[in-house]
Structure formats: structure tokens, C-alpha cells
Visitor: 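Before I ask anything, here is the structure I am working with.
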Amino acid sequence: MELKTNYQYTYFIYPFVIKDGKYQKYILKMLKDKNCNLKVFQKEKDIKLYKYFLPKAREFLFSSFSYGVAKLRKLEELPIETRAALLAKNPCNIFEYTLKKDIQGKLEKGNGIFFNIQKIEIICFSTGIGFLAMKTNLEEYSEFSNILNFNYKFRNINNKLVNLDNYDNIRIQTDSFADTKTFQELIREITGHQNEAARLNIDTERFLTYSYVCIDQEAWNQENHFDSIKNQFIKYANILPTDNSRDYEYEKVETFSRWKYAKLGLTKLGMTLFSSSNDINNYTSLPEEYENQYFYTYILNLYKKMYLRKIELEFKDINKVKKTRKKFIEFTKNLWIQEITEEETGTLLNDKLQEIFELDKLYMQVKSKYDLFYKEANIEKERKSTMVIAIVLGISFICNIINMIILLKK
């Protein structure tokens, strides 16, 4: 029986890196772009997000929570260069990119999947790490197989070797984008050339996938248990097409659930939440929580992974060691040792993400380099101190001999 869905969306996430010393210039570029607007978070409007994150994490991700009406108005009245300089001091800035017209994969019946892009966010950190997040959804299709195929195929849209006009029946046919090439140009326009990302060994030809689906309750309820559709969940979590014939017992998926009719899957390729409409929360409150609180938890852990890689690479440059040591100390103090939430599910999710991304292992690799340079710096410091003492003693000894010679002559 074909698995049916009630609700669905997928965020495709593109990581990018801004070159050192160019962050303020990048913020200025975003402010000058008429299609870009700074996303301002407000306590009353975003109260669930505000309560979910602890103060340190909230301050790190959402500086605009501290903006009052007067401060926001004053910021908007400043010259654009001054505004960019002030925003560049924030640990993180989030912009919303508005497309002139909707993007739709509108195809002839039976030849493809109709989809649209609902919104685009640009999340950029002052360290130069950034994420382009694009929310898509399928409106006219209720078959779960379409979601599997769409996620599997669309995540490769930025691959230069892929031409979606002839790629598994997915095409872009809109006034906004004539073909895949123009979409790739938009990504490059927003993120710039990704030489820095390549240096960090970051895959920029495939999107990371962050997806939510609520299937019809007929497939998963009190009588029909999850095990009967487990293979569909594994395909979904691993971003596989519907006709994939792998042995699913060997597919690596980290799963957990705090809900009776919802299960979360984590891999290095992305994060998925698979739920049933048998629970009303799965198409009312849970999709919103997943799109906000848990989404930014995911982004924060992606950031940690990329920034640790960046620090590790910088430690290889002898001219940057001193600055890199300072960056590592600040990262440890301001982010690594800080809890991000006290919410039970969020805490469990954060722990699972750290495990999937192997953050503890990566952190210890960087720390070992820090410890090595710290030890060498102390040895060098002690060596210099010893030399200074030896020189002082030598001078003192010479002075004493001179004084003795003068006394003997008298």
C-alpha cells in the first residue's frame, strides 16, 4: 500500500565560509541587497525560542533579542556602513532572502514533482562560518515516495555536473529561474566562491537535508505498528530514493524519540523527523518546534563542527598560532562548555548531534594541538627567562670583577 502524507517540508542547508577579514564587507553586501532583510527576533513574537535557549546560547545565536524598538529604529537610521560595522560585532546575524517570484518545479503530469521554495535564510557567524537554508515543500502530492525521491534528487542541485532539466524528471520552470545554472548562480551570489570551504574539506556540491513529514495515521496507529514501515523511515533518514534496494539492517541511523508517534533520525547527511497524524500534535505544534528550536540546535552543532575544523587548520600556520590559541580559548569558554538548553528533548538532541558529528573527538584533536603549542610556548618562555637570568648574572659577574680590579689598583 502506498504510504500517504498529511504534511511535509524540507530545509536544504548549504554551508559556506567567508574569508578572514571580509566578514564586515559581507554584512554590508547583505544590507545593500534589496532582497535581503535582517531577521529580528522579539521576545513576545518568538517566546518559545526565547524560553528554549539558555541566555548564553540565546545571546550567541540571536543578538536581536536584546534590541528594543528604540534601538532598532536607531540602528536603521544609521548610515549603512556604520550599521554593517555594528552588526559585524554580533556573534551571529540572520538574514531573510526574499525571492522576486515563487520558485516552482511545475511539470507536466506524470513527468515530475511540483514543489516550491517558501523561504531562504542566511545564517552567518562573525567567525566567517555561514549557512544558506532553503525551505521547500511539495503541495500537490500526498505520496511519501515523492518526498523520498525529491529529497534524494534535489540535494544535488548545486552539483555542477547535474542538469536538472534532464535529471530524473525534476526541472525548474519559473520566471525566477530558467534552469539549474541560474539557481547555482544565486547560491554563488549569496555565498561567494567557496575556496575557503574547500580548504576545510566541506562538501559544497550537496545540500545537508533537514526534513519533516507527517504520514497518514492509517499507516501508523494503535493497530499498525512502526515496524511495518520502518524501512520507509530508514530510507527517509538516509535520504534514499523510494526504489533503493539496500539492506536496511546495515544502514547507520541514530534514532531517538520522546513521542509515541514520531521518530527522529540523525545521520551525517542530515536530520529527519518522521511522524504520524494519529497524534494531533504532529501536524500542529511539533512541526513548528522542529522548524525553530530544534532547527537552530542543529545549526549550532553544524557551526561547532565547521569552526573546530577551521581552528584545527589555522593551527598548522605558524604565523597564526597565537591568534588561533586565543580563538580556541574563547570558543571553549563562550560556547563549548555552555549548556544550550534545559528542555529535555533539546538536551537529548544536542547530545546526539555532538555524537553524530564526532564533536568530542574533533575538539580533543584541536585541544591536543593547543596543548602542544602551549607547552612549547612555556618552554620557550622559560628558555628566554633562563637566558635573561644568565645574561644578568654574567653582567653582574663582570661588574664585580671590574670593581675588584679597581679596588686592587687603589
Side-chain angles (χ1 to χ4, degrees), residues 9 11-16 18 22-100 102 117-136 186 189-192 210 285 287-303 307 334-335 338 340-341 343 346:
Y9 62 79
Y11 276 85
F12 292 99
I13 301 169
Y14 179 82
F16 63 96
I18 302 162
K22 302 293 183 181
Y23 182 69
Q24 185 174 321
K25 188 176 180 180
Y26 181 80
I27 295 295
L28 181 60
K29 174 188 170 184
M30 292 294 100
L31 292 175
K32 286 182 176 180
D33 191 330
K34 293 180 180 179
N35 296 318
C36 259
N37 289 294
L38 181 68
K39 187 171 183 178
V40 178
F41 294 87
Q42 297 174 332
K43 186 176 179 179
E44 296 76 13
K45 177 172 64 74
D46 305 293
I47 187 63
K48 291 181 180 179
L49 201 62
Y50 184 88
K51 287 181 176 179
Y52 173 86
F53 285 101
L54 289 170
K56 290 285 186 181
R58 191 167 62 231
E59 182 182 349
F60 185 81
L61 280 169
F62 315 109
S63 300
S64 59
F65 266 128
S66 64
Y67 294 177
V69 176
K71 183 177 179 179
L72 188 61
R73 188 185 301 115
K74 186 177 180 181
L75 181 67
E76 292 171 349
E77 291 172 352
L78 291 171
I80 193 168
E81 290 79 8
T82 308
R83 208 184 321 158
L86 289 173
L87 290 175
K89 294 178 180 179
N90 292 338
C92 178
N93 290 292
I94 301 175
F95 294 90
E96 293 176 300
Y97 191 93
T98 305
L99 294 165
K100 294 178 181 178
D102 290 337
I117 295 177
Q118 293 184 319
K119 70 175 181 178
I120 295 176
E121 278 190 3
I122 305 159
I123 307 163
C124 41
F125 295 85
S126 59
T127 55
I129 305 296
F131 302 96
L132 173 64
M134 177 176 61
K135 182 184 180 183
T136 67
L186 172 68
E189 181 185 327
I190 293 174
T191 64
Y210 183 91
S285 59
E288 182 184 358
E289 291 174 12
Y290 188 68
E291 190 175 1
N292 290 283
Q293 292 94 297
Y294 305 142
F295 175 75
Y296 288 112
T297 301
Y298 181 70
I299 290 292
L300 188 58
N301 280 278
L302 280 176
Y303 168 77
Y307 189 52
N334 297 327
L335 196 58
Q338 302 294 337
I340 70 166
T341 182
E343 200 255 356

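In this text the structure is predicted, and so the values were computed from the model without any measurement.
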Visitor: Is the backbone of G346 close enough, under 3.5 Å, to the side chain of E343 for a donor and an acceptor to pair up by distance?
Guide: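 Between the backbone of G346 and the side chain of E343 there is a qualifying donor-acceptor contact (under 3.5 Å).
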Visitor: When rounded to the nearest 0.5 angstrom, what is the spacing between CD in E59 and CG in L54?
Guide: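 Between atom CD of E59 and atom CG of L54 there are 12.5 Å.
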Visitor: Any chance you could lay out the side-chain hydrogen bond (donor to acceptor under 3.5 Å, both in side chains) test for Y296 and N301, step after step, and finish with the verdict?
Guide: CA-CA 9 Å; Y296 288 112; N301 280 278; over 6 Å; no
Visitor: Check step by step if side-chain hydrogen bond (donor to acceptor under 3.5 Å, both in side chains) holds for T127 and Y303.
Guide: CA-CA 10 Å; T127 55; Y303 168 77; 3.1 Å; yes
Visitor: With a cut-off of 6.0 Å (strictly less than), are more than 12 heavy atoms of other residues, nucleotides or ligands near NZ of K74?
Guide: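 No, NZ of K74 has 12 or fewer neighbouring heavy atoms, counting only those of other groups under 6.0 Å.
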Visitor: side-chain hydrogen bond (donor to acceptor under 3.5 Å, both in side chains), that's the test. Do E291 and Y11 meet it? Break it down for me.
Guide: CA-CA 9 Å; E291 190 175 1; Y11 276 85; 2.6 Å; yes
Visitor: Side chain to side chain donor-acceptor pair (under 3.5 Å) with Y52: which of T297, T341, N292?
Guide: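 Of the listed options, the one satisfying the test is T297.
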Visitor: Kindly check if the number of other-residue, nucleotide or ligand heavy atoms within 6.0 Å of NZ (K34) is above 12?
Guide: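 No.
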Visitor: Verify the distance criterion only: is there a donor paired with an acceptor across the side chains of Q338 and K56 at less than 3.5 Å?
Guide: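 No, no side-chain donor-acceptor contact under 3.5 Å.
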Visitor: Report the C-alpha separation of F131 and F16 in whole Å, then their side-chain angles, then the decisive distance to 0.1 Å, and conclude whether the ring pair (Phe, Tyr, Trp, His ring centres under 6.0 Å) test is met.
Guide: CA-CA 6 Å; F131 302 96; F16 63 96; 7.5 Å; no
Visitor: Using side chain to side chain contact (heavy atoms under 4.5 Å, CB included), reason through Y307 and L335 one step at a time and then give a plain yes or no.
Guide: CA-CA 11 Å; Y307 189 52; L335 196 58; over 6 Å; no
Visitor: Could you check whether F62 and F53 have their ring centres less than 6.0 Å apart?
Guide: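 Yes, close enough.
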Visitor: Taking K71 first and then E76, would you say they form a salt bridge - that is, a charged N and a carboxylate O separated by under 4.0 Å?
Guide: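 E76 and K71: not salt-bridged.
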Visitor: Can you see which heavy atom on V40 is nearest to which on D46, and at what distance?
Guide: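 Minimum heavy-atom separation between V40 and D46: O-OD2, 4.3 Å.
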Visitor: Above 12 or not: heavy atoms from other molecules or residues under 6.0 Å from CD of Q118?
Guide: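 Atom CD in Q118 is crowded, with more than 12 foreign heavy atoms closer than 6.0 Å.
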Visitor: Looking at M134 and I117, what are the two nearest heavy atoms and their distance?
Guide: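 So the minimum-distance heavy-atom pair works out to SD-CD1, 3.2 Å.
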Visitor: Under a 4.0 Å threshold between the charged nitrogen and the carboxylate oxygen, would K119 count as salt-bridged to E96?
Guide: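 Salt bridge absent between E96 and K119.
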Visitor: Would you please indicate if the ring centroids of F295 and Y290 are separated by under 6.0 Å?
Guide: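 Ring-ring flag for F295/Y290: false, centres at least 6.0 Å apart.
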Visitor: So how far is it from K32 NZ to L28 CG, rounded to the nearest 0.5 Å?
Guide: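 Between K32 NZ and L28 CG, I get 4.5 Å after rounding to 0.5 Å.
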Visitor: State, without any angle test, whether Y23 and N93 hold a side-chain donor-acceptor pair at a distance under 3.5 Å.
Guide: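 Yes, because at least one side-chain N or O of Y23 sits under 3.5 Å from a partner of the opposite role on N93.
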Visitor: Relative to the ring of Y298, is the ring of Y210 parallel (under 30°), tilted (30 to 60°) or perpendicular (over 60°)?
Guide: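 Judged by the thresholds at 30° and 60°, the geometry between Y210 and Y298 is tilted.
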Visitor: A side-chain contact here means heavy atoms from C-beta on lying under 4.5 Å apart; do S126 and N90 qualify?
Guide: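 A side-chain contact is absent here, since even the closest heavy-atom pair is not under 4.5 Å.
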Visitor: With side chains defined as the heavy atoms from C-beta onward, is the minimum distance between C124 and I27 less than 4.5 Å?
Guide: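 Yes - at least one pair of side-chain heavy atoms lies under 4.5 Å apart.
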Visitor: I want to check something: taking the side chain as every heavy atom from C-beta on, are P91 and S63 in contact at a cut-off of under 4.5 Å?
Guide: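 The answer is yes, as the side chains (C-beta and beyond) meet within the 4.5 Å cut-off.
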Visitor: Can you measure from CG (L61) to CD1 (I123) and round to the nearest 0.5 angstrom?
Guide: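 Taking CG in L61 and CD1 in I123, the distance rounds to 8.5 Å.
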Visitor: Nearest 0.5 Å, what's the CD1-CZ distance between I340 and R58?
Guide: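 If we round to the nearest 0.5 Å, I340:CD1 and R58:CZ are 12.5 Å apart.
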Visitor: Is the shortest distance from a Lys or Arg side-chain nitrogen in E121 or K135 to a carboxylate oxygen in the other one below 4.0 Å?
Guide: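 So E121 does not pair with K135 through a salt bridge.
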